[in-house]
Each structure stands twice: as structure tokens, then as C-alpha cells.
Amino acid sequence: MAPEAARVLMAWEPVSPKLTSARFNSKGRKITIIQCYAPTNAAKDFNSSLQSLFDRTPRRDMKIMMDDLSAKVGDNNTGRELIMGRHGVGTCNENGELFTDFCSFNDLVIGGTIYPHSRIHKTTWTSPDVKTDNLIDHFTIDRKWRRSVMDTMSQVQHTVPKRQQEEGRVQL
């Protein structure tokens, strides 16, 4: 952790190996950052732990959540205009429904759907055959702080099969 962040760290709670929160004292505002990961098949059980953590977070704190929930929220924001923009990817899956319900209940905005970007800067997962990509990792923030988010974008990660690296066909 950067020394500046360590100085303003008020508390942190490792709820489980897949769920952690940290509370910071920022200028005039306390910020709680929640980092979480839920495997595809455990999203329903995980959501109850996550909701419990949100319920324990002070109401006045700015809440930021960074997550990998394997949740595809899609690009259709009909009925969800308050929590997501029109710039998602693909169609919503079951985890996406659970995630958007969670965001709606907790008044969170899904940052990766707000700003228009080319597909390569929206997606956070690409299949091994490079034919399928999705937006499954998300940045969310309290809706009242939505305007403080200037942009969200995924960085392009080029992965090279290990065999090609070992054979010396690709230099890293």
C-alpha cells in the first residue's frame, strides 16, 4: 500500500478470502472501498455476505465497490437507468440480474456502462479462443457520487499461450 493511503487508512476488514473492505479518511469524506470476487456458481450465497457488509458500512461513507462477480449486465438499461448506462456489453446473465438487483437495492451505479468506449476498452474477459469477450468485472459507486467518476475503462491485456513463450516465438 502506498504510504499516503496507509496514513489515511482507518480500518480494514477481511470478511473472507473473497471479500474485503477498507475505510479511508479522505478530505471531508470517509470512503469505504469493497473488493470482492465470487465464483460463477456461488453468486447467490455470496450476495448475502456482501449485503451484510454493506449494511455494516456507515451510511454517510462514499462507497466504492470493485468486483469480479462473473456478472454480465448487458447493454439494455431499460428500467435500470438510475444504476447503469447504455454502454454495457452483450446480454444480461443470471449473475448480472443478481448484481443489478444488488446495485438497485443499494443505490449503486455500474461505472463500466456509463461511458462510450470501443469494445476493446469495455470488456474485462476474453475467451481462450479470442472469439468471445464480456464485461464481467465492475466498478460501482454510490449514485449520488456518480458525477465524480470521470471515466472507467479496461486496459487491454494481451495474453500469449505459454507454449509460444517457451518455444521462443514471442518475446515479452
Side-chain angles (χ1 to χ4, degrees), residues 1-75 77 79-85 87-90 92-115 117 121-125 134-155 157:
M1 178 181 292
E4 299 85 19
R7 277 196 303 276
V8 296
L9 178 66
M10 297 173 61
W12 67 284
E13 181 182 0
V15 176
S16 73
K18 299 177 191 290
L19 183 60
T20 302
S21 75
R23 189 170 189 227
F24 298 91
N25 190 10
S26 182
K27 296 176 184 174
R29 174 69 49 198
K30 295 189 177 29
I31 301 170
T32 297
I33 298 175
I34 298 172
Q35 177 68 43
C36 53
Y37 164 75
T40 306
N41 57 356
K44 288 180 184 176
D45 298 332
F46 181 80
N47 276 355
S48 63
S49 299
L50 183 57
Q51 187 60 56
S52 175
L53 179 60
F54 255 82
D55 292 343
R56 291 192 311 269
T57 302
R59 285 186 58 181
R60 292 183 157 236
D61 281 15
M62 175 193 293
K63 293 171 209 67
I64 297 172
M65 186 170 71
M66 296 176 287
D67 56 74
D68 177 357
L69 302 177
S70 298
K72 295 190 260 181
V73 296
D75 57 3
N77 71 341
R80 301 181 201 150
E81 294 87 356
L82 294 177
I83 63 161
M84 66 183 280
H87 305 287
V89 175
C92 193
N93 66 1
E94 183 180 354
N95 285 355
E97 289 290 335
L98 291 170
F99 180 60
T100 54
D101 289 346
F102 177 84
C103 289
S104 182
F105 183 77
N106 291 288
D107 207 21
L108 299 171
V109 173
I110 304 168
T113 64
I114 298 172
Y115 300 100
H117 289 292
H121 293 295
K122 289 188 209 180
T123 58
T124 58
W125 177 85
N134 284 302
L135 172 60
I136 60 170
D137 305 323
H138 301 282
F139 170 89
T140 60
I141 190 167
D142 285 322
R143 186 166 55 96
K144 76 177 187 177
W145 295 100
R146 176 182 181 154
R147 296 209 185 279
S148 66
V149 177
M150 303 306 278
D151 199 358
T152 58
M153 181 186 308
S154 67
Q155 290 185 321
Q157 296 284 328

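All heavy atoms count here, side chains included; hydrogens, waters and symmetry mates do not. This chain uses plain numbering: 1 for the first residue, then up along the sequence.
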Rounded at 0.5 Å granularity, tell me how far [atom1] in [X] sits from [atom2] in [Y].
| X | Y | atom1 | atom2 | result |
| --- | --- | --- | --- | --- |
| Asp142 | Arg59 | CG | CZ | 11.0 Å |
| Thr32 | Arg56 | OG1 | CZ | 11.5 Å |
| Ser52 | Leu19 | OG | CG | 9.0 Å |
| Met66 | Ile141 | CE | CD1 | 11.0 Å |
| Thr57 | Ile33 | OG1 | CD1 | 12.0 Å |
| Phe99 | Thr140 | CZ | OG1 | 5.0 Å |

Query - Partner set under side chain to side chain donor-acceptor pair (under 3.5 Å) for Asp107, not counting sequence neighbours - result: Arg143
Query - Sidechain-backbone polar pair: Asp67 side chain, Cys36 backbone, donor-acceptor under 3.5 Å - result: no
Requested in this report: Show the numbers, then the answer: is there a side chain to side chain contact (heavy atoms under 4.5 Å, CB included) between Asn106 and Lys63?
Outcome: CA-CA 10 Å; Asn106 291 288; Lys63 293 171 209 67; over 6 Å; no
Report task. Assess whether side chain to side chain contact (heavy atoms under 4.5 Å, CB included) is satisfied between Leu53 and Glu13, documenting all intermediate values. Result -> CA-CA 9 Å; Leu53 179 60; Glu13 181 182 0; 3.7 Å; yes
Query raised in the report: At their closest point, which heavy atom of Leu9 faces which heavy atom of Ala22, and how far apart are they?
Result: CD1-CB, 4.0 Å
Query - Closest non-hydrogen atom pair between Met84 and Thr100, with its separation - result: SD-CG2, 4.4 Å
Report task. Only counting residues at least two apart or in another chain, list the ones meeting salt bridge (charged side-chain N to carboxylate O under 4.0 Å, His left out) with Arg29. Result -> none
Report task. Could you tell me whether the side chain of Arg23 reaches within less than 4.5 Å of the side chain of Pro58, counting heavy atoms only? Result -> yes
Requested in this report: Output, in order, the C-alpha distance, side-chain angles, deciding distance and verdict of side chain to side chain contact (heavy atoms under 4.5 Å, CB included) for Val8 and Ile31.
Outcome: CA-CA 10 Å; Val8 296; Ile31 301 170; over 6 Å; no
Query - Contacts of type ring pair (Phe, Tyr, Trp, His ring centres under 6.0 Å), residue Phe102, not counting sequence neighbours - result: Phe54
